[in-house]
Amino acid sequence: MPSDEYVRIPEADLRRFDLALLQGLGLSADHAEILADNLIAADMRGVRTHGHVMLPKYGKEIGRGSTNVQAQPRIVSETPATVHVDGDRAPGAVAGHFTMQAVIQKARANGAATGFTKRSNHFGAAAHFAMMALPHQMIGFAATNAGPTMFPFGGRRRIVGNNPIAFAIPAARERPIVLDMAMSVSANSRVAIAERLGQQVPEGWILDRDGRPSTDPADLAEGAGVSIGGPKGIGLSQVVDLLAGVLAGASFGPAVGRPQPDGSHGDTGHWFHAIDVAAFMPPDAFTALVDQQIGLFHNAPRVEGTSRIFVPGEIEWERLDESRQLGVPLLPFVVDDLNAQAEQAGSSERL
């Protein structure tokens, strides 16, 4: 969307609003801060699909009890280089933050570490957790399974979510590489935003309930997102579901995020990893080589009509710089939804 169609909110004002609203919904001050950081970072980086547009959904999940605002994530098993966390049905941002912190601590002691989280919820942008490793001169990874929105290749029943993965790799003078990608051509929230704005989506984004291409965003409700790379995207979604879901001890397949026959709610599972660069080479040497590799992309010969070659995360870093200068960009309907939610939660703050 053109930049003048956004409402720009100063970061400090948005944070104050978020903390009041989230505590009004029952979160502790510490957990409200973690979730606010998650939402604000997404919108500041231009990842509007995983920012404040998600907050009304989170509020509904709190209201129906599938998200536990009093949750206390805990470690249920661990080794020197692994950790398994019970998220206690916390907001996914809270459970994910807890697990990735533990993974980073273990990676510092052992060179690398892996963590899984069960009994969690939607955790926002996967990149947020991968990037937690960057200040520690570590490479971060995060993945999650999600509610079913994808057909198996050639099928027409929703089996898995678009199960995103993210990597964050430190650099020296260049900005870190941050790759965050779902296994569908477009994020589901991006389709939902188009529907809310009364817009069609490009062909190749979604399928209708019969597996036919569609440009009507409403068709995603019973249809599916189109996988990246055809069967390759579905294969990756299945693998993430097996690890973040099955191995984590969380729900998997069509059960994720859905009410279960016993009255419970299908929990979401996450997968985290961190690699301490110093375990393999001096961090300064590594980041210098990362800069060198980034330069190969930037300086590659360009095809006609291409003015610049971007590497993963570069656009988001520039949007972050812009947000710090101009304010956090929110769609007008998101601002309206947030103010209505704040009123309902008894918060006096308004945007």
Side-chain angles (χ1 to χ4, degrees), residues 1 3 6 11 37-54 92-93 96-97 100 103-104 107 123-144 146 162-190 193 228-229 233 236 240 270-277 283-300 302 306-330:
M1 292 181 63
S3 60
Y6 290 95
E11 180 184 354
D37 282 344
N38 186 293
L39 296 168
I40 292 169
D43 278 317
M44 290 186 73
R45 297 177 66 244
V47 188
R48 66 184 187 191
T49 53
H50 290 71
H52 286 78
V53 72
M54 298 299 300
H97 182 88
M100 190 60 180
V103 166
I104 289 168
F123 74 0
H128 184 79
F129 306 97
M131 292 171 69
M132 287 175 63
L134 293 174
H136 305 279
Q137 290 292 283
M138 294 183 186
I139 296 165
F141 169 83
T144 185
N162 60 3
N163 300 349
I165 62 173
F167 293 88
I169 302 172
R173 287 176 296 180
E174 299 286 351
R175 310 296 279 273
I177 292 288
V178 181
L179 174 67
D180 187 346
M181 52 180 274
M183 301 311 161
S184 58
V185 172
S186 173
N188 299 325
S189 293
R190 196 172 180 188
I193 289 171
I228 58 172
L236 286 168
V240 172
H270 316 310
W271 168 24
F272 304 98
H273 191 69
I275 302 171
D276 187 355
V277 171
D284 288 349
F286 174 76
T287 56
L289 291 171
V290 172
D291 280 4
Q292 183 178 332
Q293 196 249 26
I294 291 171
L296 296 175
F297 282 82
H298 283 163
N299 299 320
R302 298 187 290 271
T306 298
S307 60
R308 180 178 173 189
I309 294 173
F310 292 94
V311 296
E314 195 163 13
I315 292 173
E316 289 81 2
W317 285 117
E318 293 181 3
R319 287 174 176 168
L320 177 62
D321 292 340
E322 184 179 70
S323 295
R324 285 172 172 161
Q325 181 180 1
L326 302 177
V328 185
L330 299 179

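All residue numbers in this chain count up from 1 along the given sequence. Just so it is clear, the values below take in all heavy atoms, side chains as well, and ignore hydrogens, waters and symmetry mates.
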Sorted by chain and residue number, the salt bridge (charged side-chain N to carboxylate O under 4.0 Å, His left out) partners of D37 (sequence neighbours excluded) come out as R15

Give every residue pair that meets the side-chain hydrogen bond (donor to acceptor under 3.5 Å, both in side chains) criterion with at least one member in residues 165-180, sequence neighbours excluded. R175-D321

For atom CZ of F310, is the number of surrounding heavy atoms from other residues, nucleotides or ligands below 6.0 Å larger than 12? yes

Report yes if the side chains of R48 and V53 come closer than 4.5 Å at any heavy-atom pair, otherwise no. no

With a 4.5 Å limit on heavy-atom distance, are the side chains of E314 and I294 in contact? no

So F141 and F272, ring pair (Phe, Tyr, Trp, His ring centres under 6.0 Å) or not? Walk me through it. CA-CA 6 Å; F141 169 83; F272 304 98; 8.6 Å; no

Would you say Q137 and T287 make side-chain contact, with heavy atoms under 4.5 Å? yes

Indicate yes or no: at least one non-hydrogen side-chain atom of M54 is less than 4.5 angstrom from one of S189. yes

Going by the rule side chain to side chain donor-acceptor pair (under 3.5 Å), which residues pair with D276 if we only count those two or more places apart in sequence or in a different chain? none

Does E318 have any side chain to side chain donor-acceptor pair (under 3.5 Å) partners at least two apart in sequence or in another chain, and if so, which? R308

Partners of H97 by side chain to side chain donor-acceptor pair (under 3.5 Å), sequence neighbours excluded? Q101

Mind checking side chain to side chain donor-acceptor pair (under 3.5 Å) for N162 and listing every partner two or more places apart, or none if nothing turns up? S184

Assess whether side chain to side chain contact (heavy atoms under 4.5 Å, CB included) is satisfied between F286 and D291, documenting all intermediate values. CA-CA 9 Å; F286 174 76; D291 280 4; over 6 Å; no

